[in-house]
Amino acid sequence: MCGIVAVIGSREASPLLLEGLKRLEYRGYDSSGIATVEFPTDGSRGSLTCKRANGKLVNLVQLVNKEGAPGHLGIGHTRWATHGKPEERNAHPHRDSSGGIAVVQNGIIENHSVLRKELEVEGIQFLSDTDTEVIPHLIARELNLLTKDDFKTEKGLMLLEAVQRVSVQLEGAYAVAVIWEDAPETLVVARRQAPLLIGLGEGEFLCASDTPALAGFTRTILPMEDGEVALLTPLGIELYDIQGKRTQRSPTLLNGQEDVVNKRNFRHFMLKEIYEQSETARLWIDRHLPLGLPEDSPVAYPFKESFYEGIERIQILACGTSRHAGMVGAYLLEKFAGIPTTVFYASEFRYTKPPLTPNTLTIGVTQSGETADTLAALGMEAERRAQYGETAFISRQLGITNRSESSIARQVPNILDIGAGMEVGVAATKTFLGQLLAFYGLALAFAARRKSCSAQEIIDLTNELRSLPNQLIEQIEKHDQISETMAQHFVDTQNVIFLGRGINYPIALEGALKLKEISYIHAEGYPAGEMKHGPIALLERDVPVIAIATPGVVFEKVLSNAQEAKARDARLIGVAPDGVATETFDDLMPIPEVSEFISPLYSVIPMQLLSYHIAANRGLDIDQPRNLAKSVTVE
Ligand code: F6R
């Protein structure tokens, strides 16, 4: 999704802006741009240069190398189209009619059409279809008024005042960075419900929408709070809260995970991250399942005892892959802890609120910690419960994320950091495994306290989790090879069906989502028993069926559903233990014979690797699939 980088300091801004944008590429984008202001040497006004390019960042780099963008002050942006097609004229920065004010924005200005009409009546001509373009025009209007009002102050403070006045006119969620050639020593930034962080570098101040863009330049950061506006000059930072009052806060240090990532010897980040899953599991087990914990508290999670007490229901809010992790989580929480658990699409929950239930824990799952739908759903839930005060309806919330510095960590009181390390590939893989592990831990932690299952069941599950890291290494290497060969059968494939049941139904959904995302093949996941109620009509020789069949309560059922597919000539690929009913399948992707409860942690591996190799075979842009973004910060 869109990314912002901005800088004011002692060195040339454009190389730094381009480097920062490069580090945000993984978020997904379709055009990019920068604007810089050259400091005048004689104290006069500066001059603003703006360069924008459609497509990949390399196009912008070439343009800037050729035509130059001088100055020590600058803003940069990668755009993921929402309002207006991916074209150069819609790329940020956008400028006012004089061309002297430039703005980059992440988010959506919901009242942009009203504002645009108002400005058009005043004679402003718009050059783009974006919602953002209203902002530079509104700032210009406020600067005009300030000049007329004889607002006797220096230009930097005028820009600050103008941005503060415009902020209250905007509706929606946004982060903005603004420069003005008349104030060549001033960068003004503001945020509302969209992330923005200030970085304190050596001889420079930076600002970015995401930590990787800052990590190469500084480790000292100041995350902006909701509604804040900041004035950055070569001399320092001034922070203003939502009421416009000056405020102060100490910066914090980045925790080390946000370093710019490198592909090592892997062809793609996605493949590297699939391989890193055994390390994700090892770190999680070292941290949360150390030996020697008491029987009634077998998981080392950072919560007080009161967190676990009195919970009667759980609701999980998430999107995409994180929702699939939540579905496995719900299965575990119900099975082991006996807590009724419901999973919602976060985007639906906001507008289709279920009736309030007492003593309910709401869990938001988001690897990025920035997904607008998930944050808004959590916010809405906290708000509607707040009116009940200290009663059974009070809001109890937990966030499961991979980004402990993200917005969710500032929004909800309890956070589980899955600690999977930076994930660059847009398709979530190791963060999915991390989310699953977080739920295994929660289910065990609740179950042990509630004595809702036997001590032996807890020991068995814990032991299976402990053997995960070593087994995963073997599995990943094996499936990397098997999938590479099997992907040859998918050269002309247009449709694929994934089947699973019980705890592996969400893994069938995840398999289909991964395939769609990176290979652009149409794929659907179904609970295997549902196939005969409709999807079976799609089956023919060219529609492969991938069935997850792991020993357990639904094993035989899945096998007979798979037979139904085979009888319709579909090529049948089994994700199942070797030697157990393998004659059912045309091809086998063997996984270890583990308990059904632990099996999703293994069955997901062939799903990820098969999707990866099918997309790699087709020569697609695996790490940045078309139209997708790593963190979806708009509704
Ligand atoms: C799938 C994928 C998306 C995300 C979804 C939610 O590979 O990456 O479906 O899972 O956009 O993102 P987060 O987890 O950041 O809330």
Side-chain angles (χ1 to χ4, degrees), residues 1-3 26-28 80 173 194-195 209-212 268-271 273-274 277 316-329 343-350 363-379 398-409 411-412 415-418 420 422-439 498 506-521 523 525 604 607-612 615 620-635:
M1 200 127 282
C2 303
Y26 78 99
R27 291 166 64 101
W80 186 83
S209 49
D210 202 355
T211 46
H268 295 98
F269 280 110
M270 182 180 175
L271 187 59
E273 286 154 6
I274 291 173
Q277 289 178 110
I316 298 173
L317 316 180
C319 305
T321 289
S322 297
R323 186 176 145 273
H324 299 155
M327 290 169 76
V328 174
V343 185
F344 294 90
Y345 287 102
S347 55
E348 288 295 305
F349 187 85
R350 290 175 72 176
I363 305 179
V365 192
T366 162
Q367 58 80 22
S368 64
E370 302 293 354
T371 298
D373 284 317
T374 308
L375 296 181
L378 287 166
L398 163 68
I400 298 179
T401 185
N402 194 37
R403 305 297 294 274
S404 56
E405 77 297 345
S406 65
S407 297
I408 196 172
Q411 184 172 322
V412 305
I415 283 291
L416 253 185
D417 178 359
I418 60 176
M422 185 71 191
E423 186 175 71
V424 174
V426 163
T429 52
K430 64 174 177 172
T431 54
F432 178 66
L433 189 97
Q435 291 168 340
L436 291 182
L437 289 170
F439 277 113
F498 289 79
I507 304 301
L509 293 178
E510 178 59 7
L513 182 63
K514 285 285 96 84
L515 189 63
K516 272 186 265 213
E517 283 182 315
I518 58 168
S519 71
Y520 317 142
I521 293 175
V604 72
M607 303 286 144
Q608 297 169 339
L609 282 162
L610 185 60
S611 301
Y612 170 79
L620 297 169
D621 189 353
I622 292 183
D623 288 330
Q624 288 165 36
R626 70 181 181 208
N627 304 336
L628 294 183
K630 187 73 189 160
S631 62
V632 184
T633 49
V634 294
E635 186 182 345

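Numbering of ligands and ligand atoms starts at 1, following listing order.
Nearest protein heavy-atom neighbour of atom 6 (C) of ligand 1: C319 O, 3.4 Å. Closest to atom 11 (O) of ligand 1 among all protein heavy atoms lies V632 CG2, 3.9 Å.
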Check: Can you list the steps and then say if I415 with I408 is a side chain to side chain contact (heavy atoms under 4.5 Å, CB included)?
Finding: CA-CA 8 Å; I415 283 291; I408 196 172; 4.1 Å; yes
Item checked: Test log, rule side chain to side chain contact (heavy atoms under 4.5 Å, CB included), inputs C319 and T366 -> CA-CA 8 Å; C319 305; T366 162; over 6 Å; no
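Each of L515, L513, I507 was evaluated against F498; a single residue qualifies, L515, per the side-chain contact (heavy atoms from CB on, under 4.5 Å) test.
K430 places no side-chain N or O within donor-acceptor distance of the main-chain N or O of E273, the cut-off being under 3.5 Å. For D623 (side chain) and F269 (main-chain N/O), a donor-acceptor pair under 3.5 Å exists by modelled atom type. Side-chain atoms of K514 do not come within 3.5 Å of backbone N or O of S519 as any donor-acceptor pair.
Every N/O-N/O distance between L513 and ligand 1 stays at or above 3.5 Å. Residue T321 has at least one N or O atom closer than 3.5 Å to an N or O atom of ligand 1. The shortest N or O to N or O distance between V426 and ligand 1 is below 3.5 Å.
Close approach of ligand 1 to A427 is summarised as follows: ligand atoms under 4.0 Å from at least one heavy atom of the residue are 7 (O). In summary, the atoms of ligand 1 found under 4.0 Å from a heavy atom of S322, numbered by their order in the structure, are 10 (O), 13 (P), 14 (O). Taking every heavy atom of G320 and a limit of under 4.0 angstrom, the matching atoms of ligand 1 come to 9 (O), 10 (O). Atoms of ligand 1 lying under 4.0 Å from any heavy atom of S368, numbered from 1 in the order shown and given with element: 13 (P), 15 (O).
Which of I518, T371, D373, L375 comes nearest to atom 16 (O) of ligand 1 through a heavy atom is settled by distance: it is T371.
Within the 4.0 Å heavy-atom criterion, the part of K514 lying near ligand 1 is the side chain and not the backbone. Counting heavy atoms under 4.0 Å from ligand 1, residue E517 touches it through the side chain alone.
Side-chain atoms of Q435 and S322 include a donor-acceptor pair closer than 3.5 Å.
Under the 4.5 Å side-chain criterion, counting only non-hydrogen atoms from C-beta, M422 is in contact with R403.
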